[in-house]
Amino acid sequence: LASLELYLLGAPRVMLDGAPVTFDTRKAVALLAYLAVTGQPQQRDALAALLWPDADQSHARGALRRTLSVVHAALQRTPHLRIEREQVALDFEVRGLTCDVRSFVQLAGGCASHAGRPQPAQCADCLRRLEDAAAIYGDHFMAGFSLRDSAAYDDWQFFQGEELRRTLGHVLELLVRCHSTHHHWPAAITYARRLLALDTLHEPAHRQLMLLFAWSDQRAAALRQYQECQRILEEELGVPPLAETTQLYQ
């Protein structure tokens, strides 16, 4: 079977047997992304209304039918795309179909034996899975992509992206905690910096980096981190750091 890979963390990319697949419409990419992330068969009427909200049902279904034909042809009629009379789906049970979003979410869950509560400090397998998850997340969900004529799709994309960002934040917090526990300062600092980049106004993340620098004998870097925190808060919010942050600096 052909291998079909969907990369949605960052600018969307579709690869078939290692070669990029291009489409003449953004709706084709949007359709594949929606099917991949939801992971469920979707009703044709629902897809038509989502992607062509300004068209009546007949014209919307016609546009969906043409888009499905284009996608199916571009993917060389791969069995991974299942098109039925009333439903459409990407079949992940068929060997060779992968999506980075799905892989990220699965890895971020840690070990099944922990009932969904990863414990990387005690479990080497959890740590590997979380590090792999962080490595997969190279950029935010469908970065730079939008549909101008479908507010509902853009809303779905936005909230899906926010959920994935929160998941990434949780993964990074666990990785910082684990590497700090084992005094692996370079790795802890790397993940702490990524965590701070998600929200530069989050003072606990600044304090965490200050501590990591101090614990790794980088006192000057710890002091500079406070100054950076001070600058960002002043520029963005017009407020000084919290007393807790200033006390740590002192």
Side-chain angles (χ1 to χ4, degrees), residues 3-39 50-51 71 74-75 80 90 92 96-110 118 120 126-148 150-179 186-202 204-206 208-209 228 232 236:
S3 64
L4 178 59
E5 302 163 286
L6 279 71
Y7 297 97
L8 304 175
L9 292 170
R13 292 184 296 124
V14 180
M15 307 288 288
L16 184 65
D17 280 341
V21 180
T22 58
F23 305 97
D24 60 1
T25 170
R26 295 172 72 84
K27 296 291 177 72
V29 177
L31 174 63
L32 284 174
Y34 191 77
L35 293 175
V37 174
T38 58
L50 176 68
L51 296 173
V71 171
L75 298 182
H80 302 108
L90 278 173
F92 283 90
L97 176 57
T98 60
C99 174
D100 58 353
V101 169
R102 294 173 63 89
S103 298
F104 168 74
V105 171
Q106 290 167 0
L107 288 167
C126 262
L127 177 59
R128 283 193 300 271
R129 291 172 65 88
L130 293 170
E131 289 183 325
D132 288 345
I136 287 174
Y137 198 112
D139 200 351
H140 297 310
F141 181 59
M142 299 184 74
F145 184 91
S146 65
L147 293 182
R148 297 178 182 177
S150 178
Y153 188 90
D154 280 350
D155 285 346
W156 171 80
Q157 181 182 325
F158 172 80
F159 288 113
Q160 185 66 46
E162 287 299 295
E163 182 177 345
L164 290 168
R165 279 169 62 95
R166 285 192 296 272
T167 301
L168 175 63
H170 181 59
V171 166
L172 295 174
E173 287 174 355
L174 288 169
L175 287 170
V176 171
R177 187 187 313 165
C178 173
H179 286 294
I189 288 170
T190 295
Y191 289 121
R193 280 176 162 158
R194 284 191 65 183
L195 182 60
L196 178 60
L198 293 177
D199 182 5
T200 57
L201 298 176
H202 190 52
H206 284 280
Q208 186 171 52
L209 259 177
E228 177 68 4
I232 291 172
E236 299 292 331

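Being a predicted model, the structure only gives us computed values, none of them experimental.
The minimum heavy-atom distance linking L6 with L4 is given by the pair CD1-CG, 3.8 Å. Heavy-atom minimum distance, M142 versus Q157: O-NE2, 3.4 Å. When every heavy atom of L172 is checked against every heavy atom of A134, the shortest pair comes out as CD2-CB, 4.3 Å. Here the closest non-hydrogen pair linking T200 and I232 is O-CG2, 3.8 Å. Contact record, L127 with C178: CD1-SG, 3.8 Å, taken as the closest heavy-atom pair. When all heavy atoms of A192 and Q208 are compared, the pair lying nearest together is CB-OE1, 4.4 Å.
Atom CG of D100 sits about 10.0 Å away from atom CZ of F104, to the nearest 0.5 Å. A distance of 9.0 Å separates OG1 of T38 from CD of Q160, quoted to the nearest 0.5 Å. For the atom pair L174 CG and L130 CG, the distance stands at 6.0 Å (nearest 0.5 Å). If you take CD on Q106 and CG on D132, they are separated by 12.5 Å, rounding to the nearest 0.5 Å. Rounding to the nearest 0.5 Å gives a distance of 10.0 Å between NE2 of H80 and CG of L75. For the atom pair CZ of R194 and CD1 of I189, the computed distance is 15.5 Å after rounding to the nearest 0.5 Å.
Between E163 and R166 there is no salt bridge, since none of the side-chain N atoms of the basic residue sits less than 4.0 Å from a carboxylate O of the acidic one.
Pairs of residues two or more places apart, or lying in two chains, that qualify as side chain to side chain donor-acceptor pair (under 3.5 Å) and include a residue from residues 7-17 are S3-D17, E5-Y7. Residue pairs satisfying the side chain to side chain donor-acceptor pair (under 3.5 Å) criterion with at least one member in residues 22-33, sequence neighbours excluded, are listed as follows: K27-D149.
Residues T167 and V105 form no side-chain contact, since every pair of their non-hydrogen atoms from C-beta on lies 4.5 Å or further apart. The shortest distance between side-chain heavy atoms of V14 and F23 falls below 4.5 Å. Considering only heavy atoms from C-beta on, F145 stays 4.5 Å or farther from L8 through its side chain. Side-chain contact between V37 and F141 is present, with heavy atoms from C-beta onward closer than 4.5 Å.
Within the 3.5 Å criterion, the main-chain N or O of L198 finds a donor-acceptor partner in the side chain of R165.
Taking the six-membered ring for Trp and thresholds of 30 and 60 degrees, W156 and Y153 have ring planes inclined between 30 and 60 degrees apart.
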For this session: List the steps, then state whether side chain to side chain contact (heavy atoms under 4.5 Å, CB included) holds for L32 with L90.
Result: CA-CA 8 Å; L32 284 174; L90 278 173; 4.3 Å; yes
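Under the rule for a ring-ring contact (aromatic ring centres under 6.0 Å, His included), the partners of H179 that lie at least two apart in sequence or sit in another chain are H184, Y191.
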